[in-house]
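In this chain, numbering begins with 1 at the start of the sequence shown. Hydrogens, waters and symmetry mates play no part in the numbers below; they use all other heavy atoms, side chains included.
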Amino acid sequence: MKRIRTRIIIAALAVVMVANLAYAAYFLKNERQNALLRLQATIDETNRLLGSITAGPLYDGNVEQLEADFSSFLLNPDILHIHLQENRGDIVLTVERECPLKNCRLIEHKIPIMRGIDELGEIRIVYTTANIEERLLQSRIDLTLLSLASVLSLAVVIFLVARGLTRPIENLTEAARAMADGRLDQEIKPSGAEEIAVLGQSFIKMREAIREQMRDLAEKNRHLSAEVDQRRSAEHERDRLISILEATTDFVSIAEEDGNVLYINQGGRKMTGIGDIPVSEVEIPRFHPRWAAERVLKEGIPAAMKEGIWSGDTALLAPDGSEIAVSQVILSHRDVKGNLKFLSTIMRDITERKRIKEQIRNLNATLEARVRDRTAQLEAANRELESFSYSVSHDLRAPLRGIDGFAQALMEDYHDNLDDTGRDYLRRVRSAAQRMGELIEDMLELSRVTRTQLSRESVDLGQLAEKSLQRLQKLEPDHRAEVVIAPDLKAHGDSRLLSIALDNLLGNAWKYSSKHAAPRIEFGCVSEDRERTFFVRDNGVGFEMRYADKLFVPFQRLHRIEDFPGTGVGLATVARIIYKHGGRIWADSEVDRGATFYFTLSEAGLTDKEVP
């Protein structure tokens, strides 16, 4: 109600203000016109007087009198400037003063000075309206103050009157606002004029009706709440799916059974170049080449309507007319009664995938040919190298035996004829010949392992390990070691080759644990991820793991030959045997804390050509 009251007061004040402004404008206009008329009368009288009193003194040449007369005229506030000019030019007189206002109107008059019929000279007088403007300004101030006083007085009167009129309306408004906010217990007191009292009674009846409707609505809202939640959830899911469809670069469209298109996403519009064309003007079959359109119409749509889904490779026509290879899926959507609602299709550009697949196919064909050529070359080179290695190793054995035999004969037959240096030389010759013989034997063994064909059978690795350790004990009866062999160490492989592998592994464990106070050798097996892993562990000198990559390379040694004899071929032989069985071998060790060698055996194994 404050707004109504304010509007009433503002409207009344506006009317008063307009009336005051109109009266002030009218008053000031008349005041200005009357003042200008009075000024014009003063100008006419002044011009007449100046003309009459100036002729005599000017004719007599009495300048002092003229100056005194002119100065007396300047007492008139409307005159700013008086200038006398004699026709002969002997007398020129000017009197003037400053204008009290900057913005005022100036009025100039020229008066001829006559004596009889003779013109003696001319007077130029400049009048100002400053006095009029000052009086008008004062009038404006007075009128403004009077208007403000009247407006304030009227505002107080109107406020009191409006308050009495609007207070009952305010009460009704407060009641209406309370009802709008759901506060139906707000007290309503009809008062004021008869019309307002009737309105109050109507408000009371309306409140009771609203209470009854609120009870009905509360019941209905409880039933509608679940439906609204479901609808919101469905709308949220729809918006999420639409955002996903618009974000994908695939072609996605929805159409009715008769082919009327309902929706095409931005990816599909871009792929086909249709831009912002309305879906009602789109015919999807024309975007396919003829063969693809026939497949979709004759195979894809019938299958989708029958099975619910169909997928296959088709094609789209690009804006330039070229074909775009696509992988297409057609889905049929039905209502709860099984009636077909619409069909949807998704097409993904597989041009690049097909191009890469073709490149891979061509590359694989090229690589297979190159691999076959390289494999044949490597096989030939390996055969030649193995033959050369075997021949050289085999042919060197006889000369080495001769060198060792002759050195032994010299040692036995001419022992007393040789000094200590000669005997030391012979011992070195024999030692070198014997070591060379061991190297040759190991090389021949490695060559035989590589060339040997596998003869698979069930092998008890535990028994092979026991036999190998018995042979080691016979060779070194003074060396005692704790030996632990796990039960049930069965495998499938070549028993002769696996015996050679265990001889080397257990021989290394026997050798490198010989300097330990309590040597211990263990042969066992662990199972992990359905794969059995065998191991040979010792507590010997061990080695640094950074050198582990040298273990299975021929002639690579991790210890000095003076400390532990050997040729460096044993572990390479073991690796060849394990690889030949399709397995893996690796080691784990720490210096002075022993070493563990692990290996696996595949049931299938590798071919001879695949062994490294």
Side-chain angles (χ1 to χ4, degrees), residues 230-369:
Q230 292 178 356
R231 184 170 300 176
R232 287 177 179 174
S233 177
E235 290 177 352
H236 177 72
E237 184 68 17
R238 181 201 62 190
D239 294 341
R240 187 176 69 86
L241 291 175
I242 290 176
S243 63
I244 294 174
L245 293 178
E246 290 298 320
T248 183
T249 57
D250 296 340
F251 183 108
V252 181
S253 67
I254 299 174
E256 295 177 339
E257 183 180 0
D258 58 1
N260 183 31
V261 180
L262 302 176
Y263 168 79
I264 297 179
N265 71 334
Q266 290 297 323
R269 291 177 177 273
K270 183 177 180 181
M271 189 181 297
T272 55
I274 64 175
D276 297 329
I277 296 177
V279 293
S280 60
E281 301 178 9
V282 174
E283 296 178 4
I284 290 182
R286 73 176 185 176
F287 294 137
H288 289 287
R290 177 174 295 180
W291 66 269
E294 290 180 355
R295 187 180 186 192
V296 170
L297 294 174
K298 295 181 180 180
E299 177 183 346
I301 294 178
M305 295 178 65
K306 181 180 179 181
E307 305 294 336
I309 184 173
W310 175 85
S311 62
D313 290 347
T314 60
L316 285 173
L317 288 176
D320 60 0
S322 61
E323 290 190 8
I324 303 174
V326 296
S327 175
Q328 183 170 358
V329 177
I330 301 176
L331 301 169
S332 62
H333 305 265
R334 301 180 181 275
D335 58 20
V336 293
K337 296 181 179 179
N339 299 321
L340 181 66
K341 296 177 62 179
F342 55 84
L343 296 168
S344 65
T345 183
I346 303 173
M347 288 180 273
R348 173 166 294 180
D349 187 347
I350 59 172
T351 304
E352 185 66 16
R353 188 175 73 187
K354 282 197 168 187
R355 186 184 65 81
I356 294 175
K357 186 176 181 180
E358 185 64 25
Q359 288 181 346
I360 292 175
R361 185 184 296 109
N362 296 334
L363 181 61
N364 286 339
T366 304
L367 288 176
E368 289 176 0

Rounded to the nearest 0.5 Å, how far does [atom2] of [Y] lie from [atom1] of [X]?
X: R353; Y: D313; atom1: CZ; atom2: CG; value: 7.0 Å
X: I301; Y: K306; atom1: CD1; atom2: NZ; value: 16.0 Å
X: I254; Y: L343; atom1: CD1; atom2: CG; value: 10.5 Å
X: I346; Y: S311; atom1: CD1; atom2: OG; value: 11.0 Å
X: H288; Y: L297; atom1: NE2; atom2: CG; value: 8.0 Å

- Could you please spell out the steps behind the side chain to side chain contact (heavy atoms under 4.5 Å, CB included) verdict for T272 and F251? CA-CA 9 Å; T272 55; F251 183 108; 3.7 Å; yes
What residues form a side chain to side chain donor-acceptor pair (under 3.5 Å) with [X], not counting sequence neighbours?
X: R269; result: none
X: N265; result: none
X: R290; result: none
X: E294; result: none

- Message: If you apply the rule side chain to side chain contact (heavy atoms under 4.5 Å, CB included), what do you find for I274 with I264, and how did you get there?
- Response: CA-CA 10 Å; I274 64 175; I264 297 179; 3.9 Å; yes
Hey, are the side chains of [X] and [Y] touching, using non-hydrogen atoms and a 4.5 Å cut-off?
X: R334; Y: M305; value: yes
X: I330; Y: V296; value: yes
X: P289; Y: L317; value: yes

- Message: Applying side-chain hydrogen bond (donor to acceptor under 3.5 Å, both in side chains) as the test, list every pair that has at least one member in residues 317-332; sequence neighbours left out.
- Response: W291-E323, T314-Q328, D320-S322, Q328-T345
Closest non-hydrogen atom pair, [X] against [Y]:
X: W310; Y: A303; result: CD1-CB, 3.6 Å
X: M271; Y: L316; result: SD-CD1, 3.4 Å
X: P319; Y: G273; result: CG-CA, 3.7 Å

- Item | Test log, rule side chain to side chain contact (heavy atoms under 4.5 Å, CB included), inputs N339 and V336 | CA-CA 8 Å; N339 299 321; V336 293; over 6 Å; no
- Check ion pair D335-K341 (N to O, under 4.0 angstrom): no
- Message: Looking at E358 and R361, is there a salt bridge between them, counting it only when a charged N and a carboxylate O are closer than 4.0 Å?
- Response: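 E358 and R361: salt-bridged.
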- Query: Can you tell me if R348 uses its side chain to pair, donor with acceptor, with the backbone of T249 under 3.5 Å?
  - Reply: no
- Message: Which residues pass the ring pair (Phe, Tyr, Trp, His ring centres under 6.0 Å) test with F342, not counting sequence neighbours?
- Response: H333
- Item | Derivation of the side chain to side chain contact (heavy atoms under 4.5 Å, CB included) call for N362 and I360 | CA-CA 5 Å; N362 296 334; I360 292 175; over 6 Å; no
